[in-house]
Each structure stands twice: as C-alpha cells, then as structure tokens.
Amino acid sequence: MRDTDLFQLALGLSSPWSVTRSAFAVEESRLDLYVDFAQGSRFACAECGREGCAVHDTRDETWRHLDFFQHRTLLHARVPRAICPECGVHKVATPWARAGSGFTLLFEAFMLTLAKAMPIANAARLLGEHDTRLWRIVEHYVWRAVERLDLSDVRRIAADETSARRGHDYISLFVDMARRKVVYVADGKDAATVKAFADFLEAHGGKREAITDASIDMGAAFEAGIKENFPNAEITFDKFHVIKLANEAVDQVRREEARNNFQIKGRRYIFLKNVDHLTQEEKEALSELEAQNLDTTQAMQIRMNLQRLFKMDSKAARRFLDRWCVWVEVCDLGPMKKLARTVMAKADGILRSIATGLSNGVLEAINGNVQAAKRKAKGYRTKRNLKAIVYLIAGDVLANSPT
Ligand SMILES: [Zn+2]
C-alpha cells in the first residue's frame with residue numbers, strides 16, 4: 001500500500017477526493033498531505049444542493065489536522081468553486097472541514113474534548129495554537145448547539161445564581177431536572193432572568209404551562225419570577241438553601257455573642273460543621289462551650305433540629321415543623337426567630353421538597369464545577385465566554401461531537 005493510500009483511508013476520503021502526495025519534513029517535524037479531486041469532477045452547489053455543477057475555478061487552502069504522532073500535520077487542497085445555474089459561483093463544501101475554519105473537523109472535535117477538561121488557554125498551549133482561535137471554535141459549536149436545544153420535554157426545573165466575576169456580577173443557571181443539565185444561562189439574578197428563561201424555553205419547543213415544579217432558593221426574586229412566568233409550577237424550596245439560611249442565622253448569633261466571649265472567637269467552624277464531622281478535640285471544645293449554656297450552642301441546637309426535618313416523611317415533617325417554629329418563637333435569639341418566621345412563610349415550598357424529593361443538589365454540584373473551571377481559567381475575558389463554558393461543561397451541549 002502506498003503512503004498516500006494509507007493517509008486517504010485514515011482521512012476517510014472518498015471520490016472525487018484523494019490524497020495525491022505527502023511530504024514529511026523531519027527537521028520541521030511536519031507532515032504535509034495534499035488532497036485533490038479528479039479531473040472533470042462535478043460538485044453539489046453549496047447553496048441549494050443541486051448536484052453535478054461544473055468547476056469554475058479553484059482556491060488553495062490549508063487546514064491543520066490531528067498530529068501524526070508528534071508531528072504537526074497540515075492538509076492542503078485546491079477547493080473548487082462550482083457554477084450553479086440557479087445560484088451562480090460558490091465554493092463547494094469540503095467533507096473534512098467546515099467553511100471558514102482553518103482546522104479539520106477531527107481536529108476541532110479533539111479540541112472540544114480538551115476544552116471540556118481544561119481551560120482554553122491550557123488547551124491552546126498543548127496544541128500550539130493561539131487561544132483566540134480555540135475560543136472561536138468553542139463559541140461556534142456551543143452557540144450552534146444551544147440554538148438547536150430541544151426543550152419540549154422539560155417539566156421540572158431548578159434555578160440558582162452563581163458568581164460571574166468578583167463583586168456583584170452574577171449569572172443564573174436553569175437546570176432541567178430530568179436531564180440534570182443546564183439548559184439556560186441568564187445574565188443577573190433577578191426576576192427578569194426567569195422571564196428570559198421562559199422565552200427561551202418557548203423558542204425551543206417548550207411551554208410555560210408545562211412546567212410543573214421549580215426548585216429555587218428562598219430569595220424573593222426567583223419566587224416572583226416563577227409565579228409570574230410559570231402559572232402551573234409548584235415552588236420547592238430545597239434543603240440546601242434552608243440549611244444555608246439556618247447557618248447564617250447561627251453565625252449571626254455567634255458573632256453577637258463573640259463580642260463578649262473570647263472562647264467563641266475563632267471557633268466559627270465548630271458551630272457550622274455537622275457534629276459528626278468534628279474532630280475529637282473539636283468535640284471536646286464544643287461540649288465545654290455547651291456546658292456554659294451559650295446562645296450560640298442553643299442556636300446550633302435549633303439548626304440541627306431543623307436539619308432532622310429533611311429525614312422525615314411529609315406527614316411527620318408538617319407536624320415537626322409546626323412544633324419547631326413554636327419552640328424557636330419562645331427562645332431569646334433574634335436571628336433564629338427571624339429564621340423561624342421565614343421558614344414558616346415558606347413552609348409549603350419547604351415541605352414540598354420533602355414530598356417530591358426535588359432538591360437543588362444537582363445545581364450545587366454544577367455550581368461547584370463552574371466555579372472550579374472559572375478558577376482554573378483565572379476568570380474569563382467576557383461573560384459570553386463564561387456562558388459558553390457553562391453550556392459546554394454543565395449543559396453538555398456537545399455530548400454529540402460535531403463530526
Ligand atoms: Zn445552487
């Protein structure tokens with residue numbers, strides 16, 4: 001078998017295309033493959049698809065292909081422009097690369113695989129390309145895939161915000177609970193993001209009325225947005241957010257008390273961790289503090305009790321929650337009473353999370369992945385870049401590779 005036949009097979013080329021020549025430059029560590037079409041070949045019109053158009057002229061083009069072992073590999077071809085009786089003269093489509101890309105489809109697919117696993121800058125270094133070229137490929141495929149998302153089967157959603165950059169810059173992530181993937185990324189974290197999602201959903205085959213459940217945090221923004229845009233959605237306040245709120249209340253009690261009690265200072269973590277996760281030394285320190293009958297330990301008891309709620313069945317949970325609220329109301333701790341009032345006001349949504357088992361657990365994990373990618377990439381130049389990466393890694397929009 002000739003080397004050109006081997007390369008032709010490896011590239012998967014078929015008539016009228018063939019590899020006519022190869023040149024290996026050892027000192028430059030480069031392999032050049034020349035692809036050409038048979039004399040007299042006719043091509044389909046790239047505009048209307050009409051077959052059998054004659055060649056008008058050709059242009060030389062070069063693409064980077066997957067490395068041949070450690071050697072950079074370039075594909076060269078004269079690309080014909082065909083004359084279509086309907087559309088005039090147009091460049092024909094090449095089976096190994098999309099129009100306007102300096103890379104073959106296989107190279108792009110490889111690049112996208114790298115982009116899912118590491119920051120673009122690292123992938124660029126590894127491939128010896130400028131990162132702006134890689135960003136262009138990522139953006140092309142991600143936005144095309146987002147445009148084609150089919151959301152007609154979405155019924156249960158979860159939403160949460162995540163920080164986009166330092167300061168108060170946020171994006172909101174909307175997850176389809178059935179596929180456990182991000183299906184929409186919005187700017188900001190207010191009620192308007194929910195409307196933006198509802199519009200996007202309907203532009204992609206979904207229906208506002210078809211959404212039956214929405215799992216969100218207890219902030220007013222998402223709740224208002226859901227009520228306004230998804231008339232049939234039952235709201236679920238998931239346990240992560242309830243516990244987070246409870247932790248914040250405990251911490252507030254601790255801070256107030258720490259002003260007058262030096263033993264509490266610097267021991268923040270003891271009160272926030274689950275007792276099971278404390279070291280022996282921490283446990284001893286905690287029981288010593290407990291013996292002092294501190295506000296902070298009382299607040300912690302209240303939080304731990306609330307946590308038990310999420311292990312109950314929904315009937316027991318309703319009774320327990322009522323008793324819990326009565327108990328907290330008679331304590332002397334402002335932040336905990338405020339917590340109890342919030343929990344009472346949102347009780348239906350909290351209890352629904354127990355009944356349906358819906359939680360933002362998926363979103364918590366996704367959030368973690370997004371923030372980890374952001375850290376590794378040392379941030380993104382634009383919010384659009386960040387969104388593209390979210391769709392790529394947390395939306396998995398390129399689960400089906402482009403080739
Ligand atoms: Zn045509």
Side-chain angles (χ1 to χ4, degrees), residues 4-23 31-66 73-113 115 129-130 132-152 199-200 202-206 384 388 391-392 395 397-403:
T4 49
D5 292 341
L6 178 66
F7 289 130
Q8 178 159 339
L9 271 175
L11 286 166
L13 293 181
S14 57
S15 171
W17 297 100
S18 63
V19 176
T20 54
R21 186 161 75 84
S22 72
L31 173 68
D32 290 284
L33 299 173
Y34 295 86
V35 174
D36 205 354
F37 58 90
Q39 196 78 37
S41 299
R42 287 175 171 265
F43 292 88
C45 170
E47 296 287 305
C48 70
R50 184 195 186 101
E51 298 283 343
C53 302
V55 172
H56 181 266
D57 57 3
T58 63
R59 304 271 160 93
D60 288 338
E61 282 190 47
T62 297
W63 300 265
R64 183 169 176 198
H65 188 53
L66 293 172
T73 301
L74 298 173
L75 216 67
H76 308 270
R78 48 187 196 111
V79 180
R81 296 199 305 160
I83 321 171
C84 172
E86 298 291 327
C87 320
V89 176
H90 290 286
K91 192 163 92 172
V92 309
T94 46
W96 58 85
R98 65 190 170 89
S101 171
F103 302 104
T104 63
L105 291 169
L106 274 172
F107 186 92
E108 291 186 334
F110 178 55
M111 199 250 107
L112 292 170
T113 305
E129 292 291 342
H130 199 279
T132 53
R133 293 192 82 186
L134 265 52
W135 271 115
R136 262 204 300 280
I137 297 172
V138 168
E139 295 248 356
H140 169 83
Y141 284 107
V142 165
W143 295 121
R144 194 185 64 162
V146 168
E147 209 178 288
R148 293 176 181 177
L149 271 178
D150 175 5
L151 303 183
S152 56
D199 292 343
F200 182 85
E202 299 213 316
H204 290 79
R384 192 177 156 80
Y391 278 117
L392 182 68
V397 291
L398 300 183
N400 306 313
S401 106
T403 50

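In each ligand, atom 1 is the first atom listed, and ligand 1 is the first ligand listed. Values below: every heavy atom of this structure, side chains too, minus hydrogens, waters and symmetry copies.
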Under 3.5 Å donor-acceptor, Gln8 side chain and Ser18 backbone: no
Donor on one side chain, acceptor on other, Trp143 and Glu139, under 3.5 Å: yes
Tyr34 ring center near His76 ring center (under 6.0 Å): yes
Any N, O or S atom of Cys53 closer than 2.8 Å to the Zn ion (ligand 1): no
With the Zn ion (ligand 1) as the apex, the SG/SG angle for Cys87 and Cys84 - to 10°: 110°
Contact flag Cys48/the Zn ion (ligand 1), N/O/S atoms, threshold under 2.8 Å: yes
Aromatic ring proximity, centroids under 6.0 angstrom, Trp63 and Phe103: no
